[in-house]
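In what follows, a single structure is set out as C-alpha coordinates and then discussed.
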Amino acid sequence: MSYETDDEKVEAIKAWWKENGVAIVMGIAIGLGAIVGWRYWGDYRDSVAGQGSAVFDQVLANAATGQTEAVVTQARMLNDEFSSTPYAALGALVEAKALYESGQAEAAMTALTGVIAAAPDPALARIAALRLARIQVAEGRLDEAAKTVADHDTSPEFAGDFAAVRGDIAAARGDTVAARAAYEQAIAEGTGFSQLIRLKLDNLPAAG
(Lines give C-alpha, C1' and ligand atoms only; values in the text may rest on other atoms or scores of the structure.)
Protein backbone atom coordinates (compact mmCIF):
# COMPACT_ATOMS: atom_id res chain seq x y z
CA MET A 1 0.00 0.00 0.00
CA SER A 2 1.36 3.42 -0.94
CA TYR A 3 0.99 6.60 1.05
CA GLU A 4 3.15 9.06 -0.87
CA THR A 5 0.59 11.76 -1.61
CA ASP A 6 -1.01 11.41 1.81
CA ASP A 7 2.41 11.84 3.38
CA GLU A 8 2.91 15.06 1.46
CA LYS A 9 -0.36 16.34 2.96
CA VAL A 10 0.72 15.20 6.41
CA GLU A 11 4.05 17.01 6.03
CA ALA A 12 2.20 20.16 4.95
CA ILE A 13 0.05 20.02 8.07
CA LYS A 14 3.08 19.40 10.25
CA ALA A 15 4.89 22.34 8.67
CA TRP A 16 1.82 24.53 9.15
CA TRP A 17 1.70 23.63 12.83
CA LYS A 18 5.39 24.41 13.29
CA GLU A 19 4.88 27.79 11.65
CA ASN A 20 1.58 28.68 13.29
CA GLY A 21 1.42 26.61 16.45
CA VAL A 22 3.26 29.25 18.45
CA ALA A 23 0.81 31.91 17.35
CA ILE A 24 -2.14 29.69 18.27
CA VAL A 25 -0.80 29.01 21.73
CA MET A 26 0.01 32.71 22.15
CA GLY A 27 -3.59 33.52 21.26
CA ILE A 28 -4.79 31.13 23.94
CA ALA A 29 -2.36 32.66 26.39
CA ILE A 30 -3.60 36.16 25.66
CA GLY A 31 -7.23 35.09 26.07
CA LEU A 32 -6.51 33.47 29.40
CA GLY A 33 -4.02 36.06 30.58
CA ALA A 34 -6.43 37.44 33.17
CA ILE A 35 -6.57 34.03 34.84
CA VAL A 36 -3.05 32.73 34.58
CA GLY A 37 0.27 34.39 33.99
CA TRP A 38 1.87 34.98 30.61
CA ARG A 39 5.05 33.33 31.76
CA TYR A 40 3.26 30.05 32.50
CA TRP A 41 1.69 29.95 29.06
CA GLY A 42 4.93 30.93 27.38
CA ASP A 43 6.67 28.00 29.06
CA TYR A 44 3.76 25.72 28.19
CA ARG A 45 3.90 26.80 24.56
CA ASP A 46 7.59 26.07 24.24
CA SER A 47 7.28 22.76 26.09
CA VAL A 48 4.37 21.43 24.05
CA ALA A 49 5.79 22.48 20.69
CA GLY A 50 9.30 21.24 21.41
CA GLN A 51 8.49 17.98 23.16
CA GLY A 52 5.67 17.01 20.83
CA SER A 53 7.83 17.60 17.77
CA ALA A 54 10.71 15.64 19.29
CA VAL A 55 8.55 12.61 20.08
CA PHE A 56 6.98 12.69 16.62
CA ASP A 57 10.44 12.75 15.04
CA GLN A 58 11.26 9.63 17.06
CA VAL A 59 8.09 7.99 15.78
CA LEU A 60 9.14 8.70 12.20
CA ALA A 61 12.69 7.45 12.81
CA ASN A 62 11.50 4.18 14.32
CA ALA A 63 8.96 3.68 11.55
CA ALA A 64 11.70 4.10 8.97
CA THR A 65 13.68 1.28 10.57
CA GLY A 66 10.72 -1.04 11.05
CA GLN A 67 10.57 -0.82 14.86
CA THR A 68 6.82 -1.23 15.09
CA GLU A 69 6.63 -1.72 18.87
CA ALA A 70 8.57 1.49 19.48
CA VAL A 71 6.36 3.33 17.01
CA VAL A 72 3.23 2.18 18.83
CA THR A 73 4.65 3.11 22.25
CA GLN A 74 5.68 6.60 21.17
CA ALA A 75 2.48 7.21 19.22
CA ARG A 76 0.50 6.36 22.35
CA MET A 77 2.70 8.77 24.30
CA LEU A 78 1.82 11.51 21.85
CA ASN A 79 -1.85 10.71 22.26
CA ASP A 80 -1.61 10.73 26.06
CA GLU A 81 0.58 13.79 26.52
CA PHE A 82 0.04 15.94 23.43
CA SER A 83 -3.58 15.23 22.50
CA SER A 84 -4.29 18.95 22.03
CA THR A 85 -1.75 19.20 19.20
CA PRO A 86 -1.69 17.72 15.68
CA TYR A 87 1.28 15.56 16.73
CA ALA A 88 -1.08 13.06 18.37
CA ALA A 89 -3.00 12.50 15.13
CA LEU A 90 0.17 12.55 13.02
CA GLY A 91 1.73 9.94 15.27
CA ALA A 92 -1.36 7.75 15.02
CA LEU A 93 -1.19 7.91 11.22
CA VAL A 94 2.39 6.67 11.29
CA GLU A 95 1.42 4.05 13.87
CA ALA A 96 -1.36 2.75 11.62
CA LYS A 97 0.96 2.48 8.65
CA ALA A 98 3.56 0.61 10.70
CA LEU A 99 0.94 -1.75 12.12
CA TYR A 100 -0.51 -2.53 8.70
CA GLU A 101 2.89 -3.14 7.15
CA SER A 102 3.67 -5.56 10.00
CA GLY A 103 0.52 -7.55 9.26
CA GLN A 104 -1.70 -6.08 11.98
CA ALA A 105 -4.56 -4.85 9.82
CA GLU A 106 -7.20 -4.78 12.56
CA ALA A 107 -4.99 -2.72 14.88
CA ALA A 108 -4.16 -0.37 12.02
CA MET A 109 -7.84 0.20 11.29
CA THR A 110 -8.50 0.86 14.98
CA ALA A 111 -5.73 3.47 15.05
CA LEU A 112 -7.13 5.20 11.97
CA THR A 113 -10.64 5.20 13.38
CA GLY A 114 -9.24 6.96 16.42
CA VAL A 115 -7.63 9.64 14.26
CA ILE A 116 -10.90 10.23 12.42
CA ALA A 117 -12.72 10.71 15.71
CA ALA A 118 -10.15 12.93 17.43
CA ALA A 119 -8.11 14.76 14.77
CA PRO A 120 -7.94 18.51 15.49
CA ASP A 121 -7.85 19.28 11.77
CA PRO A 122 -10.46 18.03 9.25
CA ALA A 123 -7.70 17.41 6.71
CA LEU A 124 -6.04 14.93 9.05
CA ALA A 125 -9.35 13.16 9.57
CA ARG A 126 -9.83 12.83 5.81
CA ILE A 127 -6.31 11.48 5.33
CA ALA A 128 -7.05 8.90 8.02
CA ALA A 129 -10.35 8.04 6.31
CA LEU A 130 -8.59 7.53 2.98
CA ARG A 131 -6.05 5.22 4.54
CA LEU A 132 -8.77 3.34 6.40
CA ALA A 133 -10.80 2.87 3.22
CA ARG A 134 -7.77 1.59 1.32
CA ILE A 135 -7.06 -0.97 4.02
CA GLN A 136 -10.73 -2.00 4.06
CA VAL A 137 -10.60 -2.55 0.30
CA ALA A 138 -7.38 -4.56 0.62
CA GLU A 139 -8.98 -6.67 3.34
CA GLY A 140 -12.10 -7.30 1.23
CA ARG A 141 -14.37 -5.25 3.49
CA LEU A 142 -15.94 -3.43 0.59
CA ASP A 143 -19.18 -2.31 2.23
CA GLU A 144 -17.23 -0.79 5.10
CA ALA A 145 -14.88 0.93 2.65
CA ALA A 146 -17.83 2.37 0.73
CA LYS A 147 -19.31 3.76 3.94
CA THR A 148 -15.98 5.27 4.98
CA VAL A 149 -15.73 7.03 1.63
CA ALA A 150 -19.35 8.21 1.69
CA ASP A 151 -18.95 9.61 5.21
CA HIS A 152 -15.75 11.55 4.54
CA ASP A 153 -15.69 12.55 0.85
CA THR A 154 -16.70 16.12 1.68
CA SER A 155 -13.77 18.25 0.50
CA PRO A 156 -12.75 19.21 -3.05
CA GLU A 157 -9.10 18.95 -1.97
CA PHE A 158 -9.47 15.18 -1.53
CA ALA A 159 -12.10 14.51 -4.21
CA GLY A 160 -9.67 12.80 -6.58
CA ASP A 161 -8.30 10.52 -3.87
CA PHE A 162 -11.73 9.42 -2.70
CA ALA A 163 -12.82 8.86 -6.31
CA ALA A 164 -9.84 6.56 -6.77
CA VAL A 165 -10.92 4.50 -3.76
CA ARG A 166 -14.46 4.32 -5.13
CA GLY A 167 -12.92 2.98 -8.33
CA ASP A 168 -11.06 0.32 -6.37
CA ILE A 169 -14.27 -0.69 -4.58
CA ALA A 170 -16.18 -0.94 -7.86
CA ALA A 171 -13.37 -2.89 -9.51
CA ALA A 172 -13.26 -5.33 -6.59
CA ARG A 173 -17.00 -5.85 -7.00
CA GLY A 174 -16.62 -6.49 -10.72
CA ASP A 175 -18.50 -3.33 -11.68
CA THR A 176 -16.32 -2.23 -14.57
CA VAL A 177 -18.55 0.65 -15.63
CA ALA A 178 -18.57 2.25 -12.19
CA ALA A 179 -14.87 1.62 -11.74
CA ARG A 180 -14.05 3.28 -15.05
CA ALA A 181 -16.18 6.32 -14.20
CA ALA A 182 -14.60 6.66 -10.76
CA TYR A 183 -11.05 6.33 -12.06
CA GLU A 184 -11.73 8.90 -14.77
CA GLN A 185 -13.12 11.26 -12.14
CA ALA A 186 -10.02 10.69 -9.99
CA ILE A 187 -7.74 11.67 -12.86
CA ALA A 188 -9.89 14.69 -13.72
CA GLU A 189 -10.02 15.88 -10.10
CA GLY A 190 -6.29 15.42 -9.67
CA THR A 191 -4.45 12.96 -7.46
CA GLY A 192 -0.80 12.17 -6.83
CA PHE A 193 -1.60 8.61 -7.86
CA SER A 194 -2.57 9.60 -11.42
CA GLN A 195 -0.13 7.23 -13.12
CA LEU A 196 -1.31 4.31 -11.00
CA ILE A 197 -4.95 5.22 -11.66
CA ARG A 198 -4.31 5.35 -15.41
CA LEU A 199 -2.74 1.89 -15.20
CA LYS A 200 -5.77 0.56 -13.32
CA LEU A 201 -8.05 2.20 -15.86
CA ASP A 202 -6.17 0.65 -18.79
CA ASN A 203 -6.31 -2.77 -17.14
CA LEU A 204 -10.07 -2.77 -16.66
CA PRO A 205 -11.91 -5.30 -18.82
CA ALA A 206 -13.70 -3.86 -21.84
CA ALA A 207 -17.35 -3.08 -21.26
CA GLY A 208 -19.53 -5.94 -22.38
| field | Residue pair Pro120 / Pro86: nearest heavy atoms and the distance that separates them | value | CG-CA, 3.9 Å

| request: Could you tell me whether the side chain of Lys200 reaches within less than 4.5 Å of the side chain of Asp168, counting heavy atoms only? | output: yes

| Would you say Ile116 and Val137 are hydrophobically clustered, going by side-chain heavy atoms of ILVMFWY under 4.5 Å? | yes

| message | Is it the case that the side chain of Asn203 and the backbone of Leu199 share a donor-acceptor pair, with hydrogens and angles ignored and the cut-off at 3.5 Å? | response | yes

| message | Taking the side chain as everything from C-beta on, heavy atoms only, tell me whether Thr148 gets closer than 4.5 Å to Arg141. | response | no

| query | In terms of side-chain geometry, is the basic nitrogen of Asp153 or Arg166 positioned less than 4.0 Å from the acidic oxygen of its partner? | reply | yes

| remark: Rounded to the nearest 0.5 angstrom, the NZ-CG distance for Lys147 and Leu142 is 15.5 Å

| field | Leu78 vs Glu95 side-chain heavy atoms within contact, under 4.5 Å | value | no

| message | For the CZ atom on Arg173, are there more than 12 heavy atoms of other groups (residues, nucleotides or ligands in this structure) within a distance under 6.0 Å? | response | yes

| Residue pair Ala108 / Ala96: nearest heavy atoms and the distance that separates them | CB-O, 3.3 Å

| field | Nearest-0.5 Å distance, OG1 of residue Thr68 to CD of residue Glu101 | value | 8.0 Å

| said: Before you tell me yes or no, could you show the steps for Ile187 and Arg198 under side-chain contact (heavy atoms from CB on, under 4.5 Å), namely the whole-Å CA-CA distance, both residues' side-chain angles and the distance that decides it to 0.1 Å? | reply: CA-CA 8 Å; Ile187 293 170; Arg198 289 185 186 280; 3.3 Å; yes

| remark: Note: Ala179 and Gly167 closest approach over all heavy atoms is CB-O, 3.6 Å

| task | First locate atom CG of Leu130, then atom CD1 of Ile135, and finally report the distance between them rounded to the nearest 0.5 Å. | result | 11.5 Å

| said: Would a single hydrophobic cluster contain both Leu60 and Leu99, if residues Ile, Leu, Val, Met, Phe, Trp and Tyr are joined by side-chain heavy-atom contacts under 4.5 Å? | reply: no

| said: Test of understanding: clusters of I, L, V, M, F, W, Y form through side-chain heavy atoms closer than 4.5 Å, transitively. Do Val55 and Val72 belong to the same one? | reply: no

| request: Could you tell me the separation between the CZ atom of Arg126 and the CG atom of Asp121, rounded to the nearest 0.5 Å? | output: 8.5 Å

| query | Do you see a donor-acceptor pair shorter than 3.5 Å between the side chains of Glu157 and Ser155? | reply | no

| message | Using the rule given for side-chain contact (heavy atoms from CB on, under 4.5 Å), can you reason through Phe158 versus Ile127, listing the C-alpha separation, both sets of side-chain angles and the distance that settles it, and then say yes or no? | response | CA-CA 8 Å; Phe158 294 89; Ile127 289 170; 3.7 Å; yes

| query | For Leu124 and Val115, which heavy atoms make the closest approach, and how far apart are they? | reply | O-CG1, 4.1 Å

| Can you tell me how far OH of Tyr87 sits from CG of Asp57, rounded to the nearest 0.5 angstrom? | 7.5 Å

| Just by distance, do the side chain of Arg180 and the backbone of Pro205 share a donor-acceptor pair under 3.5 Å? | yes

| field | Spatial distance of atom CZ (Phe56) from atom CD (Gln74) [nearest 0.5 Å] | value | 11.5 Å

| query | Quick one: do Asp80 and Arg76 make a salt bridge, cutoff under 4.0 Å? | reply | no

| query | Would Leu93 and Leu112 count as a side-chain contact (heavy atoms from CB on, under 4.5 Å) if you check the C-alpha gap in whole Å, the side-chain angles of each, and the deciding distance to 0.1 Å? | reply | CA-CA 7 Å; Leu93 288 175; Leu112 291 169; 3.8 Å; yes

| Minimum heavy-atom distance between Val71 and Val59, given as atom pair plus value | CG2-O, 3.8 Å

| Nearest heavy-atom pair of Gly91 and Ala75: which atoms, and what distance? | O-CB, 3.6 Å

